[in-house]
Each structure stands twice: as structure tokens, then as C-alpha cells.
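One structure is given here, and the rest of the page talks about it.
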Amino acid sequence: MKESKKLQNLIQLDKQYLFQNYGTRLPVCFTHGKGCILFDQDGKRYIDFFAGIAVNSLGYNHPVLNKVLHSQVNKILHSSNWYFNKEQIEAAMLLSKTAFPGKTLFTNSGTEASEAAIKLARKFGLSQSQKKYHIISFTNSFHGRTFGAMSATAQEKIHSGFGPIVPGFIYVPFNDTAAFKKTVKKYKGKICAVITELIQGEGGIKIADSSFIKEIDTVTKENNILFIIDEVQTGIARTGKMFAFQHYNITPDVITMAKGLGGGVPIGAIHTKDFLVDYFPKGTHGTTFGGNHLATAAAKAVLETLSKETALNNIRKTGELIIKELSLMKSKYPKLIVDVRGIGLHIGVELSIPGQPLVLEALQKGLVINCTAEKVIRIMPPLTISTKLVKEGLLVLDSIFAGATV
Ligand SMILES: Cc1ncc(COP(=O)(O)O)c(C=O)c1O
């Protein structure tokens with residue numbers, strides 16, 4: 001990809017002044033967007049099939065979110081959790097309405113939501129027995145990068161080089177009901193919580209089996225264990241329901257969320273059943289920024305917009321269209337495409353070859369996609385994307401698949 005002078009300058013300054021922990025960035029600097037279209041430093045247009053890792057749930061310059069943000073900027077950005085906060089209360093009310101009746105604690109990111117859930121689970125378990133502090137998580141999961149969240153993440157490569165991780169996590173193969181039941185039996189009375197994603201996002205869009213989740217639900221209830229669902233990537237309408245757990249006909253004790261919640265404004269949260277409020281009394285947990293006026297005003301606007309039945313229907317319909325078209329491409333390119341899977345607008349195309357070169361090629365052709373777990377092209381556009389734009393993006397994708405050498 002030939003880099004303009006402007007981009008070359010940014011590449012050099014990035015190296016000079018920033019940590020390089022994200023590796024070599026893709027050769028583009030987005031400067032603005034409109035709807036589901038992005039523009040770069042040289043004014044080039046891109047269709048967005050990635051939404052900044054499922055964050056820009058309403059796309060760019062959404063009139064409702066923009067209006068709310070502008071109005072909030074003119075009032076107050078931050079006070080503190082020492083004081084009452086109307087926006088925070090209203091956003092929490094919407095979570096009680098759209099998830100389940102309960103209590104919310106706001107954070108600033110997904111990993112902080114994981115930390116809060118882990119700490120809450122420990123408090124819950126240890127209030128019953130000194131031994132009840134273990135948490136089951138599943139292979140190939142991803143829960144964040146802070147110490148607790150990374151320890152919950154059952155992937156050696158995430159722990160590597162950081163010394164001892166937080167003790168008490170037990171890793172069980174994902175979707176293996178027998179192994180899960182065996183582990184609960186082995187650690188009887190010592191497990192305070194189970195944490196899982198319902199679609200492993202960073203792990204390659206791997207969907208949890210219905211029977212597996214039902215069994216976890218039953219076993220956790222029978223053994224007084226908390227069931228925590230990590231909805232950081234799947235939550236806020238991404239799967240065509242407000243939360244992915246709603247596809248499974250269960251109600252977990254705790255959900256974590258972040259990414260799409262603020263539509264681009266950093267915010268996360270845990271939302272729990274009412275009884276769990278007692279395990280975080282004064283002084284046990286908190287954050288300075290968590291749930292500030294600006295972030296919760298954004299969350300409120302996003303939740304109100306996406307919980308409308310028309311919005312959810314559109315997400316489901318658009319997701320079905322993408323999966324149908326990708327399945328046709330799978331028949332067209334059987335050596336290249338191994339599998340197409342997903343729910344709503346959380347979609348993966350598993351390839352037989354590494355996906356990153358295709359991501360670069362897509363970028364050149366004006367389409368933003370992502371590759372996760374080496375070979376899975378991840379498609380998660382803004383939730384407001386139109387059928388017309390989806391079709392345009394899919395044509396680009398088809399041309400890239402057609403040219404790929406297997
Ligand atoms: C399922 C899941 N949980 C937690 C996190 C961590 O969120 P954050 O990057 O906001 O800390 C992520 C991020 O990708 C995620 O996908």
C-alpha cells in the first residue's frame with residue numbers, strides 16, 4: 001500500500017512517541033466518519049465492517065448520540081461518585097429494563113467490568129466459606145488485560161511474561177459439558193463463580209452450545225455458584241437481541257459489558273441481580289471516572305436507540321443477509337472458506353489461510369474488516385448499517401476472496 005506524505009509522517013511520530021504494544025498498525029489514520037462510512041487522512045472513503053472492535057454501535061456522527069453529547073458537554077462532564085448523578089441512574093434504569101431487573105455498577109472499560117465481576121464473585125463466595133474463591137473460565141476465552149481479567153482468560157499467550165497470575169482460576173474446555181460437570185464435582189464447595197462469553201469474540205467467533213449453557217445454568221443454581229456472562233463484545237444489541245444471553249433463555253446473575261455501550265465514549269458496567277448489591281458495601285470497590293455524566297449520557301442514548309424493536313429487527317435482518325451471502329461465497333470458494341458462523345452482526349468467516357493479508361487488501365479497496373484468531377475474518381459493522389452498504393461491502397469481500405491463493 002503506497003503511503004502518502006501525511007501518513008508517512010504519522011507513522012514516524014507514532015514510533016517516536018507511542019508504545020508499540022499494538023505492533024505495526026494498519027496503514028491508515030481515520031479522521032472522520034458519517035453513518036457507516038469512514039474517511040482517512042487523505043480523504044479516502046471506507047465502508048466500515050468493524051466498528052472499532054464493535055464499539056461504534058451507532059456508526060459515526062449519529063444525530064441522536066451527537067445531540068445528547070453536545071448537550072451534555074454544555075452542562076457537565078464529570079462530578080464524582082460522591083454525588084448523585086441523574087444520567088447514571090437513567091442509564092442503569094435502562095439496563096434493568098433491557099437486561100433484567102437489578103443493580104448496575106459503571107466502569108470505564110471491559111477489563112474493569114471483568115475485575116468488578118471477579119471481585120464481587122470472590123466476596124460472594126468467601127462470605128460463605130474460606131475455600132469458596134475459585135472461578136471457572138473456559139479455554140480460548142478473553143476477558144481483558146488487567147491482572148484479574150487476564151487470569152480469567154484461559155490463554156497461555158495472554159499470561160506469558162507477567163509472572164504469577166491471580167490464583168483460583170480453573171480452566172475447562174469450552175463447550176465441554178462433561179468436563180465442566182466433572183470440575184464442579186471435584187471442587188465441590190470451592191467454586192464461587194463461572195464466567196463465560198456466549199460467542200468467543202477474540203477467540204474466533206466460537207458460539208457456545210445451547211445445551212452447554214443450559215447445563216451451566218442448572219449446575220450453578222444447584223450449587224449456589226454465580227453465573228457471570230461476559231457481554232463485553234456481544235452485548236448492546238450486537239447479536240440482534242439486547243444481550244446474547246437472551247438467545248439462551250436463561251438469566252445470569254451477572255453480566256459485564258463495555259464496547260458498544262457508549263457508542264465510542266469509553267464506558268463499561270456490570271449489571272447484577274439485586275441480591276448481589278450487599279457484597280460491595282462502602283469502601284470495597286469503586287472508580288473515579290466510572291459512570292460519569294458524559295459516559296452515561298452516551299450510554300443512555302445508545303440503549304434507548306438500539307432497544308427499539310425496529311432497530312433490533314434491522315440488526316437481525318442485516319445479519320441474516322450477510323450470513324446468507326457469505327454462505328454462498330463459501331460454496332463458491334470451498335478451498336478458502338472453512339466455515340461461516342455468527343449471530344446478528346457478530347459474524348466470523350473461518351479461512352484455510354491466514355486472514356491478515358486479506359484485511360490489508362480490503363483496506364486498499366476501501367473496506368474495513370478485521371482478522372482474529374489468525375484465520376477468522378471478523379465482521380461486526382455498526383449496528384445501523386444499511387442493506388445497500390452491506391451489499392457494497394460484500395462485493396468487495398467477494399473480489400478479495402476470488403483473488404486469494406489457497
Ligand atoms: C469478551 C471480552 N471481554 C473483555 C474485554 C476487555 O475489554 P476492554 O478492552 O474494554 O478492556 C474484551 C475486549 O476485547 C472482550 O472481547
Side-chain angles (χ1 to χ4, degrees), residues 19 21-23 50-57 99 105-121 135-155 157-159 162 165-166 169 171 174-175 193-208 213 227-239 243-245 247-248 252 254-271 287 289-292 295 298-299 302 342-348 370-374 376 378-380:
F19 267 84
N21 54 312
Y22 299 104
F50 188 43
I53 330 185
V55 166
N56 301 313
S57 44
L105 187 158
F106 287 102
T107 67
N108 308 292
S109 65
T111 200
E112 285 173 71
S114 297
E115 292 297 329
I118 291 163
K119 281 180 74 178
L120 188 69
I135 297 176
I136 293 182
S137 64
F138 297 98
T139 51
N140 202 42
S141 56
F142 187 79
H143 300 294
R145 297 281 189 173
T146 47
F147 252 97
M150 110 180 172
S151 306
T153 296
Q155 292 192 58
K157 68 170 195 240
I158 303 285
H159 309 157
F162 292 104
I165 56 169
V166 176
F169 287 94
Y171 307 137
F174 186 59
N175 271 338
V194 175
I195 182 167
T196 190
E197 298 154 270
L198 293 174
I199 304 177
Q200 292 186 328
E202 300 310 300
I205 311 290
K206 302 235 166 85
I207 304 172
I213 296 303
F227 192 6
I228 304 167
I229 304 232
D230 182 334
E231 294 262 13
V232 168
Q233 199 160 136
T234 51
I236 326 298
R238 175 59 48 195
T239 65
F243 293 94
F245 77 80
H247 292 280
Y248 288 80
V254 181
I255 52 173
T256 62
M257 67 198 84
K259 292 198 188 288
L261 180 60
V265 178
I267 182 170
I270 58 167
H271 183 75
T287 144
F289 290 123
N292 84 5
V302 169
I343 308 178
L345 288 171
H346 200 218
I347 298 166
N370 164 259
C371 173
T372 186
E374 309 268 322
V376 180
R378 187 163 45 163
I379 295 172
M380 22 189 214

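As the structure lists them, so they are numbered: ligands from 1, and atoms in each ligand from 1. Since we're looking at a predicted model, the values are computed, not measured.
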Exercise for review: Test F142 against V232 for side chain to side chain contact (heavy atoms under 4.5 Å, CB included), laying out the working first.
Suggested key: CA-CA 10 Å; F142 187 79; V232 168; over 6 Å; no
Exercise for review: Before giving the answer on side chain to side chain contact (heavy atoms under 4.5 Å, CB included), spell out for F243 and L198 the whole-Å C-alpha distance, their side-chain angles and the decisive distance to 0.1 Å.
Suggested key: CA-CA 10 Å; F243 293 94; L198 293 174; over 6 Å; no
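The shortest distance between side-chain heavy atoms of M380 and Q233 falls below 4.5 Å. I205 places a side-chain heavy atom less than 4.5 Å from the side chain of R378. Looking at S114 and D230, their side chains come closer than 4.5 Å, going by heavy atoms from C-beta outward. Looking at heavy atoms from C-beta onward, P266 lies out of side-chain contact with N108 at the 4.5 angstrom threshold. Counting only heavy atoms from C-beta outward, the side chains of I165 and M150 approach each other to under 4.5 Å.
Distances between N or O atoms of K259 and those of ligand 1 include at least one value under 3.5 Å. The N/O atoms of Q233, backbone and side chain alike, include one that comes under 3.5 Å of an N/O atom in ligand 1. On a distance-only criterion, G110 and ligand 1 share at least one N/O pair closer than 3.5 Å. Considering backbone and side-chain N/O of E112, none are found under 3.5 Å from N/O of ligand 1.
In this structure, the protein non-hydrogen atom closest to atom 2 (C) of ligand 1 is F142 O, 3.3 Å. Looking only at protein heavy atoms, the nearest one to atom 5 (C) of ligand 1 is V232 CG1, 3.7 Å. For atom 3 (N) of ligand 1, the nearest non-hydrogen atom of the protein is D230 OD2, 2.7 Å.
Here E197 has side-chain heavy atoms under 4.0 Å from ligand 1, and that is the only part of it that gets that close. The backbone and the side chain of T111 each have at least one atom closer than 4.0 Å to an atom of ligand 1 (non-hydrogen atoms only). Neither the backbone nor the side chain of R145 comes within contact range of ligand 1; no heavy atom lies under 4.0 Å.
For atom 9 (O) of ligand 1, the nearest protein heavy atom lies 4.0 Å away or farther.
For the residue pair Y171 and A154, the shortest heavy atom distance occurs at CD2-CB, 3.4 Å.
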